[in-house]
Amino acid sequence: MARYNDDLKQLNLPEIDKKIRSFWETNDIFKKSVEQRPVDNSFVFYEGPPSANGKPGIHHVMGRTVKDIFCRFQTMKGKRVERKGGWDTHGLPIELSVEKVLGITKEDIGTKITVDEYNAKCRETVMQYKDLWDDITRKMGYWVDLDNPYITFNNEYIESVWWLLGQLYKKNLLYKGYTIQPYSPAAGTGLSSHELNQPGCYKDVTDTTIVAQFLTKRESLPDFLHGHGDVYILAWTTTPWTLPSNTALTVGPKIDYVLIKTYNQYTFKPINVILAKALVEKQFAGKFEKTDSVDHLLSFNQSDKKIPYYIVTECKGQDLVGIRYEQLLKYAMPYQNPEDAFRVIPGHFVTTEDGTGVVHTAPTFGADDAKVAKEANPEVPPLLVMDEMGNPVPLVDLQGKFRANLEEIGGKYVKNEYYPDGEAPERSVDVELAIKLKEENKAFKVEKYLHTYPHCWRTDKPVLYYPLDSWFIRSTAMKDKMIELNKTINWKPAHTGEKRFGNWLENLNDWNLSRSRYWGIPLPIWRTEDATEECCIASIDELTIEISKANSSLGLNQVTPEDLHRPYIDSVILVSKSGKPMKRELDLIDVWFDSGAMPYAQWHYPMQNRDFIDKGITFPADFIAEGVDQTRGWFFTLHAIASMVFESVAFKNVVSNGLVLDKDGVKMSKRLGNVIDPFETIAEYGADATRWYMISNAQPWDNLKFDLEGIDEVRRKFFGTLFNTYSFFSLYANIDGFCYSEKRFPLDQRQEIDKWIISLLNSLVKEVSDEFSDYEPTNATRKIMAFVDEHLSNWYVRLCRRRFWKGEYSDDKIAAYQTLYECLSTLSKLTAPVAPMFADWLYKNLNDATGLENHESVHLADYPISDPAAIDKDLEQRMDYAQRISSLVLSIRKKEGLRVRQPLKKILLPILDPSFISQIDAVKELILSEVNVKEIEYITDTEGFINKKAKANFKTLGKLLGKNMKAGAQMIQEMDQKSITELEKTDQYIIEIDGDRYMLSNEGCRDKL
RNA sequence: AGUCUCGUAGCUCAGCUGGUUAGAGCACUACACUGAUAAUGUAGGGGUCGGCGGUUCAAGUCCGCCCGAGACUACCA
């Protein structure tokens, strides 16, 4: 006779893990679970590819648990859920780790090591931890196809990416332009924000700051500024070396400004200066004193201790817009439209927190500056000059030196830090300029100032903000489309989509695609030397055709490279329409484009599998999940590419999970040694307990304070209880030989308590399915836990124990077995998405013994469907009464010192309405045996035992009584027995408060005993 | 600096559109059970709901400010 497996004397989750894992592998359960479902009923899931360059951490277990849960759930709901794995193989972290291993820096590439050697090393390194990843994937029970993953460095993948870029190019969404980017002159490279955010990059530095006096041109002044003599505008800078590149002053249109008469503290010349009203006291602190008398001002003498200042008039920033001024330092003029330079423009970013409320604007060295200058009408030109080659260039070169032809500052580094050791001059350019301005009556104030400033993580020297040439995607052109499409996406949690992602889209900038690196997807754009002609290659075939054109036209002998990476692709020369040679733009593309391209590139679309996308078979995704940190990363790039190329969303539902912190809420880091090793955790506690803990403890999008004791609690409390329940069942079922071979008893032939637990079970099935459908796994697990612990184990099994061991193999006993079996079997399915191994172990133990279903694994079974006919809410309610009355009685016993062992004759139960009696009668026996009492006597108010009290129903009465609510509640509380009886009978009771009469009904008062 | 999230018992978390005495689990204490026993059950103590102010008859819940934690974006004269 078939037996229920009872090998395990006590719960051993790691043991179960091992058994089930090997069962899955030998029997190909994952594959079967996917393939048994129809192709035309798919649930599309995208795997955000991890980089195998780092080791898997506990947070990866978290993220992948979320992914796994919904994929497994949908599979059991009958969907075909393909789960193609993938590897992210490009990007800076990989380059950095290679450089670390080889002990080289970027400068060495091309000298100490060739580009192809370097790239070969990257290719090799990127998969260094693949085995660890495959291992954790298996051990944590994450089902994803590891055999056919997409790999972003493959030619097919790159080709799809090129095709996408080609689409953007055709739509005129790709362009080359310059932006201000962090740049390290010492390292000769632009820095990404990722690099800038390395720890220790922001340091406190003391800089020489200048409040400069910009002399306005009289004829451009508005009327109210006339007649005061020379008027200067004050502007503050922490980077005086940018002053020669100044081309505008920016004011806040709504900010209040004042005109002040005073004297320059260095030259003592009388001056009139304009600055923000809010900053007057800050700028005129110390040496200055305010005066209301013009005479006092005029009588000022150099030997006076304090310099007086007098406020002449005030105005709004808007009134200053358009004023022109003399160039402060005349080293060079903008090569284009110099007549539009040196004027006051409006800018909304201006604040009055620091400085003067007027921003010195040098469009070549500040991102805000460049933006506001562009927005001005007419556009303010940046200070660019022509170099020997006839190219427009800023006054500072790529080494961080002023250009040679700039008089005394020519050839000098803009910061002393850039000089080789020991060669820095005593006076930095900043100081030199400060002195010069002081002497020329152009400096209002020179001060040292302490602030944080970013430094290059490699050279440890300050970063420069510098205009660099880059390729951009004109995402701003598609902004509205992206916003509109985002509104159709179901974000979990909603605020990540509405706020974080929504705000990001509202403030969208063009996407800077360029990266000047070596290991990544090359930009497929070729240009002639003079940049007048260009082409964008969208496939390998196209490249081959263009190469042969170039070969015949230019007499070359090129072949299509086997590897599309640098350096091979760099040597390809194409020919333009007019017959000129074209070279590839040397940049690589942002790796984020790689991952955003994954819906298409994973299938080598459109060169292969056209239908997958065109017919919507694998696009868009029904579901994706990743950390919140991907909001501007993967979530955005997926969305941007889908919006721009396909005018579609890329995903319909997205779960963004939070961080995994240590148990004290501190971020895990190697430095602090608070990192949890996922392998150890799973080996010790089992994958299921780990997964269940992570999901049930906090919502996936809240940060999780990861505490091993929490896993232990889940193991004991939840899995332990379920295991014990099963052990209990199998112990007696094996003795009695129950194999569910008898016909299933209809519910109405079973005991009240059987009907009850089956009713609850069906309610649970509905709730849990709804929660999973709604991407709420935490609620689902919490509901299952409550059922298992509170109802199944603590009530059903405990009260029914006797039925399992007492007497013959009777119908009642069989009914009990059937009931418990059904609960356990259903639970195995309900829990399968979260605890796939334990669930399968439980399912197989049950089903292998009874053969009731023909599935070899729970993951091939269908998710349970709630049977509404089995749900009896009245029954659920009266059992709830029974539980509560029992608890109440036990509590009274406790208070009175009457042990449960001591039988009591009867309990008195006050009854408020007659339906209550029939409800209690149905569960009477349960209560009596539970509390060891012989009988229950119902008492009603007619017998005078009950002292009734009425209580206000605040919710309904609040509207009626308004501010008299408090008094009313008090009056109701004090109602006597007669009035209460009266109220119950007539359904009305009149109270009077402050002369106002109110008529109350039963609805407004609630009986309370 | 900005945007967003969070702050409820020693710990981890529930508290729906504002409504009566703010709830679970763990831990702790006491007890019961001894045919689920390296298991199970019951009872109990424990909270000025981060702080201040406002709206309201009524605020853990709504609004403002502040404090603290975290994430992202930016680094700005």
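Order of the sequence lines fixes the chain letters, A, B, ..., with proteins taken first and strands second; residue numbering starts at 1 for each chain. The basis for the numbers below is simple: all heavy atoms, side chains too, and nothing from hydrogens, waters or symmetry mates. It should be emphasised that the depicted structure is a prediction, and the values quoted were computed from it without experimental measurement.
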Check: Quick check, are the ring centers of A:Phe214 and A:Tyr325 under 6.0 angstrom apart?
Finding: yes
Notebook entry, point to check: Sequence neighbours excluded, which residues qualify as salt bridge (charged side-chain N to carboxylate O under 4.0 Å, His left out) partners of A:Arg884?
Noted result: A:Asp880
Identify the pairs formed between an N or O of the protein and an N or O of nucleotides 63-67 of chain B at a distance under 3.5 Å, and give each distance.
none

Next item on the list: Using whole Å, report how far CG of A:Asp770 lies from P of B:rC16.
Entry: 20 Å
Check: For B:rA71, does either OP1 or OP2 sit under 4.0 Å from a side-chain N or O belonging to A:Thr631?
Finding: no
Check: Among B:rC13, B:rA38, B:rC4, which is the nearest nucleotide to the side chain of A:Ala698?
Finding: B:rC13
Note to self: Please give the distance between the C1' atoms of B:rG19 and B:rG60 as a whole number of Å.
What the structure shows: 13 Å
Item checked: Test item: side-chain donor near acceptor, A:Thr242 and A:Ser245, under 3.5 Å -> no
Check: Can you tell me how far C1' of B:rA14 sits from CE of A:Met785, to the nearest Å?
Finding: 13 Å
Check: Would one find more than 12 heavy atoms of other residues, nucleotides or ligands at under 6.0 Å from atom CD of A:Glu709?
Finding: no
Margin query: What is the distance, to the nearest angstrom, from the CH2 atom on A:Trp592 to the C1' atom on B:rC72?
Written below: 13 Å
Notebook entry, point to check: Excluding sequence neighbours, so at least two apart, what forms side-chain contact (heavy atoms from CB on, under 4.5 Å) with A:Ala640?
Noted result: A:Met482, A:Trp511, A:Phe636, A:Met644
Notebook entry, point to check: So, A:Tyr817 versus A:Phe804, ring centres under 6.0 angstrom or not?
Noted result: yes
Next item on the list: Could you work out which one of B:rC13, B:rA71, B:rU73 sits closest to the side chain of A:Arg500?
Entry: B:rA71
Next item on the list: Give a yes/no on whether any side-chain N or O of A:Lys705 is located under 4.0 angstrom from OP1 or OP2 of B:rU12.
Entry: yes
Note to self: Measure CG/A:Asn512 against C1'/B:rU73 and give the value in whole Å, please.
What the structure shows: 16 Å
Notebook entry, point to check: Does atom NZ of A:Lys371 have more than 12 heavy-atom neighbours, drawn from other residues, nucleotides or ligands, at distances under 6.0 Å?
Noted result: no
Checklist line | Residue list, side-chain contact (heavy atoms from CB on, under 4.5 Å) with A:Leu890, at least two apart or on another chain | finding: A:Arg893, A:Val900, A:Val931
Checklist line | Value in whole Å for how far the C1' atom of B:rC72 lies from CD of A:Glu626 | finding: 16 Å
Item checked: Exercise: do A:Thr476 and A:Asp510 side chains pair donor with acceptor under 3.5 Å -> yes
Item checked: Polar side chain donor-acceptor pair, A:Trp491 to A:Asn486, under 3.5 angstrom -> yes
Note to self: Expressed as a whole number of angstroms, how long is the span from A:Phe501:CZ to B:rU5:C1'?
What the structure shows: 18 Å
Next item on the list: Let me know the distance between CG of A:Asn703 and C1' of B:rC4, rounded to the nearest Å.
Entry: 12 Å
Note to self: Starting the side chain at C-beta, find the nucleotide from B:rA71, B:rU5, B:rC76 nearest to A:His495.
What the structure shows: B:rU5
Checklist line | Side chain of A:Asp702 (C-beta onward), nearest among B:rC76, B:rA14, B:rC4 | finding: B:rA14
Notebook entry, point to check: Are A:Tyr693 and A:Phe706 near enough that their ring centres are under 6.0 Å apart?
Noted result: yes
Margin query: Which is more 5' along RNA chain B, the nucleotide nearest A:Gly366 or the one nearest A:Gln10? Just name the residue.
Written below: A:Gln10
Next item on the list: Between B:rG7 and B:rC13, how far apart are the P atoms? Round to whole Å, please.
Entry: 10 Å
Note to self: Can you check the distance between B:rA59 and B:rC16, where both ends of the measurement are the C1' atom (answer in whole Å)?
What the structure shows: 16 Å
Checklist line | B:rA71 and B:rA14, which share atom name C1', separated by this distance in whole Å | finding: 24 Å
Notebook entry, point to check: Counting any heavy atom closer than 4.0 Å, what does A:Ala235 reach on the DNA or RNA strands: base, sugar-phosphate only, or nothing?
Noted result: nothing
Next item on the list: With P as the reference atom in both, quote the distance from B:rC62 to B:rG18 in angstrom, rounded to an integer.
Entry: 9 Å
Check: Taking atom P in both B:rG50 and B:rG10, what distance in whole Å separates the two?
Finding: 13 Å
Note to self: Do A:Asp712 and A:Tyr685 pair up side chain to side chain, a donor and an acceptor below 3.5 Å, judged on atom types alone?
What the structure shows: no
Checklist line | Whole-Å P distance, B:rA43 and B:rG25 | finding: 10 Å
Note to self: Students often get this wrong, so: under 4.0 angstrom with heavy atoms, is A:Leu661 touching a base, only sugar-phosphate, or nothing?
What the structure shows: nothing
Margin query: From the set B:rC13, B:rU42, B:rA71, return the single nucleotide nearest to any side-chain atom of A:Arg782.
Written below: B:rC13
Next item on the list: Would you check if there is a donor-acceptor pair between the side chains of A:Lys448 and A:Thr209 at a distance under 3.5 Å?
Entry: no
Notebook entry, point to check: Touch check for A:Ser727, heavy atoms < 4.0 angstrom, all strands: base, sugar-phosphate only, or nothing?
Noted result: nothing
Next item on the list: Would you mind reading off the distance between A:Trp504 atom CH2 and B:rA71 atom C1', rounded to a whole angstrom?
Entry: 15 Å
Notebook entry, point to check: 5'-most contact on RNA chain B: A:Thr237 or A:Val628, nearest heavy atom basis?
Noted result: A:Val628
Notebook entry, point to check: Which value, in whole Å, describes the distance between the P atoms of nucleotides B:rC66 and B:rC11?
Noted result: 27 Å
Item checked: Side-chain H-bond candidate by donor/acceptor type, A:Thr250 with A:Thr361, under 3.5 Å -> yes
Next item on the list: Summarise protein proximity over nucleotides 24-37 of chain B in one line of letters, 5' to 3': B for base, S for sugar-phosphate only, - for none, counting protein heavy atoms closer than 4.0 Å.
Entry: -SSS---SSSSBB-
Notebook entry, point to check: Using Watson-Crick and G-U wobble pairs whose two distances are both under 3.5 Å, how do you write the pairing of RNA chain B as dot-bracket, with | for links to another strand?
Noted result: (((((((..((((.....[...)))).(((((.......))))).....(((((..]....))))))))))))....
